[in-house]
Amino acid sequence: TDSIYSLATARGYYYDYDQGGREDWATSLSLGLYWQVNRNLAANASIFYDRNDSNTGGVGSEYEAWTGGLGIGCQLIF
């Protein structure tokens with residue numbers, strides 16, 4: 001049952017705020033690698049990129065962020 005697969009996603013969002021005329025465009029990208037070692041053990045690694053662009057240009061409304069993670073899981077079947 002050893003298998004490896006990957007998953008890539010891309011998403012775009014548009015936010016139109018009612019107050020202050022603020023409009024934001026947000027982008028999210030991710031890439032994950034998943035490994036099912038055997039029927040009881042799995043491991044994964046992921047990386048994410050997020051970006052927010054705003055027409056206000058205010059502090060906190062425009063940003064870029066990179067995050068990542070590693071995981072391991074165990075399933076007991078009886």
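Predicted model only: the values in this text are computed from it and were never measured.
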TODO: Could you list the residues that satisfy side-chain hydrogen bond (donor to acceptor under 3.5 Å, both in side chains) with Trp35, not counting sequence neighbours?
DONE: Asp2
Task: Least distance between heavy atoms, Arg51 atom then Glu64 atom - done: NH1-OE2, 3.6 Å
- [ ] Would you please name every residue forming a salt bridge (charged side-chain N to carboxylate O under 4.0 Å, His left out) with Asp24, sequence neighbours left out?
- [x] Arg22
Open item on the list: Please enumerate all residues that pass side chain to side chain contact (heavy atoms under 4.5 Å, CB included) together with Ile72, with sequence neighbours excluded.
Closed with: Leu41
TODO: Each residue besides Leu29 in its hydrophobic cluster should be listed here, by chain and number; the cluster joins Ile, Leu, Val, Met, Phe, Trp and Tyr at side-chain heavy-atom distances under 4.5 Å.
DONE: Leu31, Ile47, Tyr49, Trp66
Open item on the list: Quick one: does any side-chain atom of Asp50 pair with a main-chain N or O of Ser28 as donor and acceptor, under 3.5 Å?
Closed with: no
Name each donor-acceptor pair under 3.5 Å that joins a side chain in residues 10-19 to protein atoms two or more places apart or in another chain, with its distance.
unit_1, atom_1, unit_2, atom_2, d
Tyr14, OH, Glu23, OE2, 3.3

Task: Thr67: partners by side chain to side chain contact (heavy atoms under 4.5 Å, CB included), with sequence neighbours left out - done: Phe48
Task: Donor-acceptor pair, side chain of Glu62 and main chain of Ser54, under 3.5 angstrom - done: yes
TODO: Kindly give the heavy-atom pair with the smallest separation between Ala26 and Asn52, and that separation in Å.
DONE: CB-OD1, 3.4 Å
Task: Test item: Tyr34 and Ile4 side chains (from C-beta on) under 4.5 Å apart, heavy atoms - done: no
Task: Euclidean distance, Leu7 CG relative to Ser30 OG, rounded to 0.5 Å - done: 6.0 Å
